[in-house]
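Note that the structure is predicted; figures quoted are calculated from it, not measured. We name chains A, B, ... by the order of the sequence lines, and we start the count at 1 in each one.
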Amino acid sequence: MTSDPPALPGLTIRAAGTLLRDGSCTSVALTEAVLARLAATESRIHAYAFVCAESARAAATVADRELMAGNDRGPLHGIPVGVKDVIDIAGLPTRCGSASRADAAPAMRDAAVVARLRAAGAVIVGKTVTHEFAAGVTSPPARNPWDPDRIPGGSSGGSAAAVAAGSALAALGTDTAGSIRIPAALVGAVGLKPTYGSVSRDGVFPLSWSLDTVGPLATTVDDAQLVFEAIREPAGAPSPVDGDSLAGVRLGVPRPYFFDRLQPDVASAVEQAIRRLGDLGATIIDVDWPDAAVAAAVGFVICRPELAAVHEQTLRTTPERFGPVLRARLEAFSLFPAAGYLRGRRAQVAVRRSIAFLYRRHDLAALVTPTVPATATSADAATIAYPDGDEPVHSGFTRFTMPFNATGQPALSIPVGFDRIGLPIGLQIVGRPHDEATVCRIGRACETATAAARRWPAL
Amino acid sequence: MEKAKIAMDGDVAALPDADLIGFARTIGLALDADRLPAVRTVLSELLELAARLETLDLDGVEPGDGDPTAAWEAPA
């Protein structure tokens with residue numbers, strides 16, 4: 001029944017679905033190809049915290065039987081995916097990348113989002129590496145498939161690395177300050193942070209209740225949208241696809257703040273992508289969101305005390321379970337005044353009003369910005385290098401993403417080129433709340449017009 | 001006394017070392033002098049971020065319920 005094993009990476013969910021349905025491949029063969037790719041790359045990439053090969057094979061066997069019987073669960077049927085290790089999978093511990101959870105008991109049930117994936121017929125390959133408790137952007141021990149000496153970004157670094165390396169066709173991540181979009185940009189994948197609240201967080205280990213979102217990483221915008229449609233709440237009919245014409249679409253380019261201090265190659269690639277969007281028919285408008293920097297601060301003022309609250313009990317009873325850096329951070333965040341936290345929650349409402357006003361004023365469908373100001377840093381680097389100096393890795397990589405966690409808008413990162421040493425560059429597209437369809441439409445049009453999304457790392 | 005000062009002005013970072021350690025212990029944290037410099041650095045960074053929020057006019061603004069669409073429904 002099967003022909004040659006499918007070529008990984010680069011095989012899309014859409015293309016794999018065609019192979020599964022025309023009989024030229026089975027889910028078992030596809031899963032074996034993914035496991036083989038995983039085995040060939042893990043020693044350098046370390047994308048997975050845990051691989052569940054046998055249960056994946058069993059799920060693929062069931063998926064094949066169902067397809068042969070005419071029971072087609074939809075686009076994810078028989079598709080191998082990874083799940084970030086802050087998301088519960090029944091029977092597996094959720095270790096969150098932390099030694100403090102080394103003895104965590106297996107989860108009693110699937111997170112709601114995993115249950116949705118299974119109901120859609122997806123084959124879960126394993127749990128992907130996360131930065132400890134999803135609270136960072138480097139995700140050790142995961143590495144970047146384009147250069148294993150560099151970070152994949154984070155905190156969903158394992159999910160991004162798996163997608164770029166071809167050891168999953170898609171993966172789930174979480175995004176509280178940029179943790180889907182940042183690694184997507186740094187490894188040349190597509191990452192979609194949905195609107196806050198549009199995907200269930202039930203069974204997801206929290207970082208910040210007020211900001212956490214769950215979303216997909218994939219190789220194309222189309223694939224990311226397929227996964228999003230499978231996991232969104234409430235379940236329903238897929239969003240309409242209006243075609244890829246951008247005629248009449250108004251895109252804001254917020255140059256103050258979002259174009260400050262970029263690596264030159266990032267600036268060049270993003271400007272080229274914006275020109276391309278204009279060539280595709282979009283109206284490009286320079287705009288100014290004066291509260292952008294404040295919005296980023298709002299996000300951290302909310303996120304950090306909430307992180308301390310998540311770990312309050314452990315910090316009081318067994319603080320030695322945390323590493324020294326995380327322990328100091330949690331202690332500091334615990335000392336932050338409650339009045340300051342509440343000011344952050346009130347300020348969040350204010351910045352949401354100001355971004356809504358900006359969109360209304362200019363009748364915008366979306367904003368477009370660089371996803372991150374730089375390409376992937378070396379694994380041991382503490383700072384990002386610019387022509388005029390350095391910036392700490394964490395604050396640099398979250399600078400353009402965190403504002404939209406504060407506002408709760410959907411935001412997509414797509415690859416739009418490479419720097420002079422071949423590292424990927426990402427463009428961020430930020431839409432109105434619950435308008436993921438327009439964000440994906442813009443991303444798909446840009447992706448179609450570029451060759452960037454069609455290159456894969458040579459591992 | 002220290003707790004009252006903190007509650008009034010939020011100036012946690014200004015507390016002397018012994019008072020900060022003492023305050024931390026009242027909320028159940030086993031903070032010690034060895035880790036205090038690292039804790040102070042992180043806390044100062046967060047307080048600096050919080051200070052940026054002072055530029056916003058929050059008169060009459062209440063914490064939201066988390067729904068990001070609410071701000072988009074009413075004219076600002």
Side-chain angles (χ1 to χ4, degrees), chain A residues 195-198 209-210 290-291 293-294 296-301 304-305 312-313 315-317 319-320 324-325 327-361 395 407-410 432-434, chain B residues 2-3 5-15 19-32 34-76:
Chain A
T195 305
Y196 174 79
S198 63
W209 301 283
S210 300
D291 291 332
V294 175
V298 164
F300 289 116
V301 168
R304 291 175 175 174
E312 180 181 20
Q313 195 61 28
L315 193 60
R316 286 179 174 173
T317 56
E320 66 280 0
V325 173
R327 180 176 174 180
R329 292 181 70 202
L330 293 173
E331 288 171 332
F333 301 160
S334 299
L335 293 166
F336 185 67
Y341 169 75
L342 283 169
R343 191 179 302 123
R345 291 294 307 275
R346 295 167 65 209
Q348 183 181 29
V349 172
V351 297
R352 285 177 171 181
R353 289 177 182 168
S354 81
I355 194 71
F357 175 74
L358 182 76
Y359 276 61
R360 272 198 299 271
R361 180 183 177 197
S395 55
T407 64
Q409 295 165 260
R432 295 171 176 243
H434 299 292
Chain B
E2 292 81 10
K3 279 192 286 185
K5 173 179 165 51
I6 290 162
M8 287 176 64
D9 62 16
D11 195 8
V12 190
L15 288 174
D19 290 343
L20 187 54
I21 289 172
F23 173 64
R25 288 183 177 161
T26 67
I27 60 170
L29 301 180
L31 183 58
D32 59 41
D34 288 346
R35 286 198 323 286
L36 196 56
V39 170
R40 279 196 181 280
T41 299
V42 175
L43 180 58
S44 295
E45 289 171 359
L46 184 53
L47 290 168
E48 283 176 22
L49 288 168
R52 295 183 197 172
L53 276 50
E54 303 289 348
T55 61
L56 293 173
D57 179 5
L58 298 180
D59 190 27
V61 178
E62 298 181 6
D65 63 2
D67 176 8
T69 61
W72 295 68
E73 290 161 357

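- Residue B:Leu56 touches chain A through its side chain alone, counting heavy-atom pairs closer than 4.5 Å.
- Considering only residues two or more places apart in sequence or on other chains, A:Arg316 meets the salt bridge (charged side-chain N to carboxylate O under 4.0 Å, His left out) condition with A:Glu312.
- Neither the backbone nor the side chain of A:Gln348 comes within contact range of chain B; no heavy atom of the residue lies under 4.5 Å from a heavy atom of that chain.
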TODO: Apply side chain to side chain contact (heavy atoms under 4.5 Å, CB included) to A:Asp291 and B:Thr55, showing your working.
DONE: CA-CA 9 Å; A:Asp291 291 332; B:Thr55 61; 5.6 Å; no
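- When atom types are taken as modelled, the side chain of B:Arg35 and the backbone of A:Ala328 share no donor-acceptor pair closer than 3.5 angstrom.
- For A:Ser334, the parts sitting under 4.5 Å from any heavy atom of chain B are the backbone and the side chain alike.
- Partners of A:Tyr341 under the ring pair (Phe, Tyr, Trp, His ring centres under 6.0 Å) rule, at least two apart in sequence or in another chain, do not exist in this structure.
- Considering all non-hydrogen atoms of both residues, A:Arg353 and B:Ala71 come closest at N-CB, 3.7 Å.
- Listed for the A:Arg352 side chain is no donor-acceptor partner under 3.5 Å among the backbone atoms of B:Trp72.
- Across all their heavy atoms, A:Glu331 and B:Leu31 have their closest contact at OE1-CD1, 3.6 Å.
- With rounding to the nearest 0.5 angstrom, the CZ atom of A:Phe300 is 7.0 Å from the CG atom of B:Leu49.
- In this structure, the portion of A:Arg327 lying under 4.5 Å from any heavy atom of chain B is its side chain and not its backbone.
- Between B:Glu62 and A:Arg346, the closest heavy-atom pair is C-CG, 4.0 Å.
- Of the listed residues (B:Val42, B:Leu36, B:Leu53), the greatest number of heavy-atom pairs within a distance under 4.5 Å of chain A belongs to B:Leu53.
- Pairing each heavy atom of B:Leu58 with each of A:Ala347, the nearest pair is CD2-CA, 3.7 Å.
- In this structure, the portion of B:Glu54 lying under 4.5 Å from any heavy atom of chain A is its side chain and not its backbone.
- When all heavy atoms are compared, the tightest approach of B:Thr69 to A:His434 is CG2-CD2, 3.1 Å.
- Scanning all heavy atoms of the two residues, the minimum distance from A:Val349 to B:Pro63 falls at CG2-C, 4.0 Å.
- In terms of heavy-atom pairs under 4.5 Å with chain B, the best-connected choice from A:Ser395, A:Ala297, A:Gly408, A:Pro319 is A:Ala297.
- For a residue to count as touching a neighbouring chain, one of its non-hydrogen atoms must lie under 4.5 Å from one of that chain's; by this rule A:Val325 does not touch chain B.
- With a threshold of 4.5 angstrom between heavy atoms, A:Ile355 approaches chain B through its backbone and through its side chain.
- A:Phe336 CZ to B:Leu43 CG: the interatomic distance, rounded to the nearest 0.5 Å, is 8.5 Å.
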